[in-house]
S.K.: 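The following block contains the structure, expressed as structure tokens.
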Amino acid sequence: MSVETAAPRITIAEAGKHVGETVSIPGWLYNLRRSGKICFPQLRDGTGVIQCVAVKSNLPEETFEALKNLTQESSLIVTGKLREESRAPGGYELDVEQAHIVQRVPEDDPYPITPKEHGTDFLMDHRHLWIRSRRQHAILRVRAEVIRAIRDYFDSNGFVLVDTPIFTPAACEGTTTLFEVDYFEDQKVYLTQSGQLYNEATAMAFGKTYCFGPTFRAEKSKTRRHLTEFWMVEPEMTYADLDDVKKVAEEMIVFCVRRVLDNRRAELKELDRDVSKLEAIQAPFHRMSYDDAVVKLQAKGSEIQWGGDFGNADETLLTEDLDRPVMVDRFPTGIKAFYFETDPNRPEVALGVDVIAPEGYGEIIGGGQRAHSLDVLLKRLEEHNLPKEAFDWYLDLRKYGAVPHGGFGMGVERFTAWMCGTEHIRETIAFPRMLYRTRP
RNA sequence: UCCUCAGUAGCUCAAUGGUAGAGCAUUCGGCUGUUAACCGAAGGGUUGUAGGUUCGAAUCCUACCUGAGGAGCCA
């Protein structure tokens, strides 16, 4: 059963197509300005905000009084005629003829988030309401666009979506950063930190696959770039080498940036995002070896030595003079996970690649070519002190038709933060999970 | 885990060791074109918690709690 309205029901986003018509719009009171015998309720409905005009002399007494004294975020259905209006924010205005108040927010317990400024702690405590605000609303719409673009890219380029489990029996890579969960019969399982090992199995079955879902990292990282629960897309390709991985990463990023620019212009404007920075994201990206990156960083004053991993400041330094992402490859084997293929000409470097976004957004993609020889993998497990038995099924992939293959993982929130130009990753997911925050 | 900063009205913030303040929000009054409207008035406080110094503490000291920023860690 659908909700009854006095006139044909439309959304605010559709207002332009109904100028001159009498329509009903269900929504919530975003803000209200009034002046004696006229008032301007601003209605939001999730698709936009529209200013309404209620004039005392044109309305029944109780309708005007109800509107004039309405409280912020009260739910209501307004009915009236739409017209273009240059004075109204948004360009269209609705002359109220009827108003049905669905639920009035009581004034002794008013909506806590006013149009004025608030602090981080307060807003995070009210995250369930904060997502109604224009800025948060815009960010989450960009996120949805990013996710849709990612899916479209892989779906239309021969990748098959095969999702991997969230409960996993052991570490994919390291061991210390896993959330442990009680399973039946005193068993322990862990929340996935990457679907990659399973992706390697599915890619051997389908050729090209990807998984896309939540990922969990029990790292005690307290930075503006870390969540304990985040969404990651991970493609995996067979008969592919490091260059193939880099090419797909580059193509996918350009595709997603284009989609955001094409479809979420209004949201980027709401966020005051400098879109020229995003227009500049074109192939080819900058390409650089780890060796050259270390030299460049040292020249810029970094303390980094060959063999060390980049810090946050290093990533920013590396891209500060660049207008598009940089792909850094061939990292020291020692700082990469056990499953990376090594360079046949230089066993001391791994065939991994990080894609580092400009403007200080840091690593958005990590990936590379996987070791595909059984002997190499066995040796590597030993070097990393990992139990061979836990990886028996994974090692099967090297016994039964091993081929060169590779892939990468991209964090959706970091990518969205980059698109939106947000300071902190916590705004790019509806209900962020962080080191010291799991509510609401 | 470490470093730094912060905690005062529902919110954002003021207040030389000496009477607890403003704006917004709420309530009441005014205004027929407002743009985070404006004008007038009212209500609203155990200054994060527990100790200590002092004639006197929001202010100084100690511990703890909470939060923020950063470091480390980080596929």
Side-chain angles (χ1 to χ4, degrees), chain A residues 30-42 49-59 64 68-69 71-73 85-91 93 95 105-126 129-130 133-135 171-178 192-197 199 215-228 230 232-234 303 308-315 331 335-340 350 352-355 362-368 407-411 414 423-424 426 434-437:
Chain A
Y30 190 74
N31 197 7
L32 174 69
R33 284 181 281 272
R34 60 186 182 191
S35 102
K37 299 186 179 64
I38 185 170
C39 71
F40 302 90
Q42 288 188 313
V49 179
I50 191 167
Q51 174 162 291
C52 305
V53 190
V55 179
K56 186 173 185 175
S57 54
N58 299 343
L59 286 170
F64 183 77
K68 199 182 92 176
N69 294 311
T71 42
Q72 194 189 355
E73 285 300 320
E85 171 59 70
S86 59
R87 286 173 295 187
E93 202 165 71
D95 288 314
V105 174
E107 51 274 286
D108 59 356
D109 188 10
Y111 186 70
I113 303 178
T114 67
K116 290 274 182 177
E117 49 190 340
H118 299 282
T120 304
D121 189 33
F122 178 80
L123 289 170
M124 289 305 298
D125 283 344
H126 294 85
L129 304 175
W130 190 22
S133 302
R134 287 185 176 196
R135 184 184 156 77
C172 275
E173 330 189 338
T175 44
T176 57
T177 59
L178 291 162
T192 181
Q193 58 178 349
S194 164
Q196 189 209 303
L197 302 190
N199 274 342
T215 304
F216 308 87
R217 303 277 167 95
E219 289 157 13
K220 293 209 162 182
S221 299
K222 189 171 152 37
T223 81
R224 65 184 69 183
R225 291 176 42 208
H226 285 84
L227 297 168
T228 52
F230 65 97
M232 184 156 72
V233 60
E234 297 176 274
E303 302 280 309
D309 214 344
F310 302 143
N312 205 344
D314 291 324
E315 291 184 349
F331 288 84
I335 57 171
K336 286 290 169 187
F338 75 92
Y339 50 72
F340 278 93
V353 59
D354 282 359
V355 181
E363 182 189 340
I364 50 170
I365 280 181
F408 62 83
M410 183 175 84
R414 283 190 187 176
E423 192 78 2
H424 201 298
R426 66 183 159 223
M434 294 176 295
L435 182 51
Y436 296 121
R437 195 180 283 277

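In what follows, every chain begins at residue 1, and chains take the letters A, B, ... in the order their sequences are listed.
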S.K.: Under the 3.5 Å rule, do the base of B:rC74 and the side chain of A:Thr177 count as making a donor-acceptor pair?
M.R.: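 Result: no qualifying N/O pair found.
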S.K.: Report the distance from atom CD of A:Glu117 to atom C1' of B:rA22, rounded to the nearest whole Å.
M.R.: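 From A:Glu117 CD to B:rA22 C1': 13 Å.
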S.K.: Can you tell me the Watson-Crick or wobble partner of B:rU27, both distances under 3.5 angstrom?
M.R.: B:rA41
S.K.: It should be established whether A:Lys220 places a side-chain nitrogen or oxygen under 4.0 Å from OP1 or OP2 of nucleotide B:rU1.
M.R.: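 A:Lys220 to B:rU1 OP1/OP2: side-chain N or O found under 4.0 Å.
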S.K.: A:Asp109 CG to B:rU26 P: how many Å, rounded?
M.R.: 12 Å
S.K.: Does the structure show a Watson-Crick or G-U wobble partner for B:rG18, both distances under 3.5 Å? Name it, or say none.
M.R.: B:rC55
S.K.: Just say parallel, tilted or perpendicular for the rings of A:His118 and A:Phe122, cut-offs at 30° and 60°.
M.R.: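 Rings of A:His118 and A:Phe122: parallel, as their planes differ by under 30°.
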S.K.: Which pair of heavy atoms, one from A:Tyr339 and one from A:Leu197, lies closest together, and at what distance?
M.R.: CD2-CD2, 4.1 Å
S.K.: Atom CZ of A:Phe122 to atom C1' of B:rU66: distance rounded to whole Å?
M.R.: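 Interatomic distance, CZ of A:Phe122 to C1' of B:rU66: 16 Å.
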S.K.: Nearest heavy-atom pair of A:Gln193 and A:Thr215: which atoms, and what distance?
M.R.: O-CG2, 3.0 Å
S.K.: side-chain contact (heavy atoms from CB on, under 4.5 Å) with A:Leu32: which residues, sequence neighbours excluded?
M.R.: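 Result, side-chain contact (heavy atoms from CB on, under 4.5 Å) vs A:Leu32: A:Leu29, A:Cys39, A:Pro41.
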S.K.: Applying a 4.0 Å non-hydrogen cut-off, can you work out what A:Tyr111 is touching in the nucleic acid: base, sugar-phosphate, or nothing?
M.R.: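 No contact.
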S.K.: Categorize A:Gly366 for me: base, sugar-phosphate, or nothing, with a 4.0 angstrom heavy-atom threshold over every strand shown.
M.R.: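 Answer is nothing: A:Gly366 stays at 4.0 Å or more from every strand.
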S.K.: In Å and rounded to the nearest 0.5 Å, what is the CG to CZ distance from A:Leu123 to A:Arg426?
M.R.: 9.0 Å
S.K.: Scan A:His424 against the nucleic acid and name what it touches under 4.0 Å (heavy atoms): base, sugar-phosphate only, or nothing.
M.R.: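 Sugar-phosphate contact only - A:His424 comes under 4.0 Å of backbone atoms but never of a base.
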S.K.: Grab the CG-P distance between A:Asn69 and B:rU27 for me, whole Å please.
M.R.: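 Atom CG in A:Asn69 sits about 8 Å away from atom P in B:rU27.
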S.K.: Given the P atoms of B:rG52 and B:rU59, what is the spacing between them in whole Å?
M.R.: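 Taking atom P in both B:rG52 and B:rU59, they lie 14 Å apart.
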S.K.: Within this structure, what is the CG-to-P distance between A:Asp314 and B:rG72, rounded to whole angstrom?
M.R.: 9 Å
S.K.: Mind checking A:Lys222 for me? I need base, sugar-phosphate or nothing, with any heavy atom below 4.0 Å counting as a touch.
M.R.: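 Base contact - A:Lys222 has a heavy atom under 4.0 Å of at least one base atom.
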S.K.: Heavy atoms only, 4.0 Å cut-off, all strands: where does A:Arg134 land among base, sugar-phosphate and nothing?
M.R.: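 Touches nothing.
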S.K.: If the C1' atom of B:rC24 is compared with that of B:rG43, how far apart are they to the nearest Å?
M.R.: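 16 Å, rounded to whole Å.
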S.K.: What's the CZ-C1' distance between A:Arg135 and B:rA36, to the nearest Å?
M.R.: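 Those two atoms, CZ and C1', are 16 Å apart.
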S.K.: Taking only N and O in the side chain of A:Arg225, is any of them less than 4.0 Å away from OP1 or OP2 of B:rG69?
M.R.: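 Answer is no, no contact under 4.0 Å.
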S.K.: Can you tell which of B:rC74, B:rA68, B:rA25 lies closest to the side chain of A:Pro110?
M.R.: B:rA25
S.K.: Nearest whole angstrom, please: distance from the P of B:rA25 to the OH of A:Tyr30.
M.R.: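 A:Tyr30 atom OH is separated from B:rA25 atom P by 14 Å.
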S.K.: Quick one: which of B:rU34, B:rG67, B:rC31 gets closest to the side chain of A:Asp121?
M.R.: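 For the A:Asp121 side chain, the nearest candidate turns out to be B:rG67.
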S.K.: Paired with B:rU46 by Watson-Crick or G-U wobble geometry, both distances under 3.5 Å: which nucleotide is it?
M.R.: none
S.K.: For B:rA57 versus B:rC2, give the span between their C1' atoms, rounded off to a whole number of Å.
M.R.: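 It comes out at 31 Å once rounded to the nearest Å.
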S.K.: Who is the Watson-Crick or G-U wobble partner of B:rA6, with both distances under 3.5 Å?
M.R.: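 In the structure as shown, B:rA6 has B:rU66 as its Watson-Crick or wobble partner.
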S.K.: Looking at A:His118, does any N or O in its side chain come under 4.0 Å of the phosphate oxygens OP1/OP2 on B:rA25?
M.R.: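 No, outside the criterion.
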S.K.: Looking at every strand, decide which applies to A:Pro112 at a 4.0 Å heavy-atom threshold: base, sugar-phosphate, or nothing.
M.R.: nothing
S.K.: Pick the P atom in B:rG51 and in B:rG18, then give their distance to the nearest Å.
M.R.: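 Roughly 24 Å separates the two P atoms.
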S.K.: Shortest non-hydrogen contact from A:Met434 to A:Thr228?
M.R.: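 Residues A:Met434 and A:Thr228, closest heavy atoms: N-OG1, 3.7 Å.
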S.K.: Do A:Glu234 side-chain atoms and A:Gly195 backbone N/O form a donor-acceptor pair below 3.5 Å?
M.R.: yes
S.K.: Between B:rG10 and B:rG48, how far is it from one P atom to the other, in whole Å?
M.R.: 13 Å
S.K.: Where each residue is assigned the nucleotide of RNA chain B containing its nearest heavy atom, which of A:His226 and A:Met124 is assigned the position nearer the 5′ end?
M.R.: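 Of the two residues, A:Met124 wins.
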S.K.: Name the pairing partner of B:rA71, where a pair is Watson-Crick or G-U wobble with both distances under 3.5 Å, or state none.
M.R.: B:rU1
S.K.: Determine the interatomic distance between C1' on B:rA15 and the same-named atom on B:rG45; round to the nearest Å.
M.R.: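 The same atom, C1', in both gives a distance of 14 Å.
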S.K.: Would you say the side chains of A:Gln72 and A:Thr114 form a donor-acceptor pair under 3.5 Å?
M.R.: no
S.K.: Give A:Gln42 one of three labels, base, sugar-phosphate or nothing, depending on what nucleic acid heavy atoms sit under 4.0 Å from its own.
M.R.: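 If one applies the 4.0 Å heavy-atom cut-off, A:Gln42 turns out to touch nothing in the nucleic acid.
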S.K.: For the side chain of A:Glu107, counting heavy atoms from C-beta on, which of B:rU27, B:rC31, B:rC74 is nearest?
M.R.: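 Taking heavy atoms from C-beta onward, the closest nucleotide is B:rU27.
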S.K.: Measuring only the P atom in each nucleotide, how far is B:rU8 from B:rC13? A whole number of Å is fine.
M.R.: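 It works out to 9 Å between them.
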S.K.: Choose from B:rU34, B:rU32, B:rC73 the nucleotide whose nearest atom is closest to any side-chain atom of A:Ser35.
M.R.: B:rU32
S.K.: When the P atoms of B:rA58 and B:rG29 are compared, how many Å lie between them, rounded to an integer?
M.R.: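 B:rG29 and B:rA58 have their P atoms separated by 38 Å.
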S.K.: Name the closest nucleotide to the A:Arg34 side chain, picking from B:rA68, B:rC31, B:rG72.
M.R.: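 Nearest listed nucleotide: B:rC31.
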S.K.: With hydrogens left out and only the distance checked, is there a donor-acceptor pair under 3.5 Å joining A:Ser57's side chain and the base of B:rU32?
M.R.: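 By the distance-only test, yes, there is a pair.
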S.K.: Looking at every strand, decide which applies to A:Glu234 at a 4.0 Å heavy-atom threshold: base, sugar-phosphate, or nothing.
M.R.: nothing
S.K.: In whole angstrom, what separates A:Asp125's CG from B:rU12's P?
M.R.: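 Atom-to-atom, A:Asp125 to B:rU12, this comes out as 10 Å.
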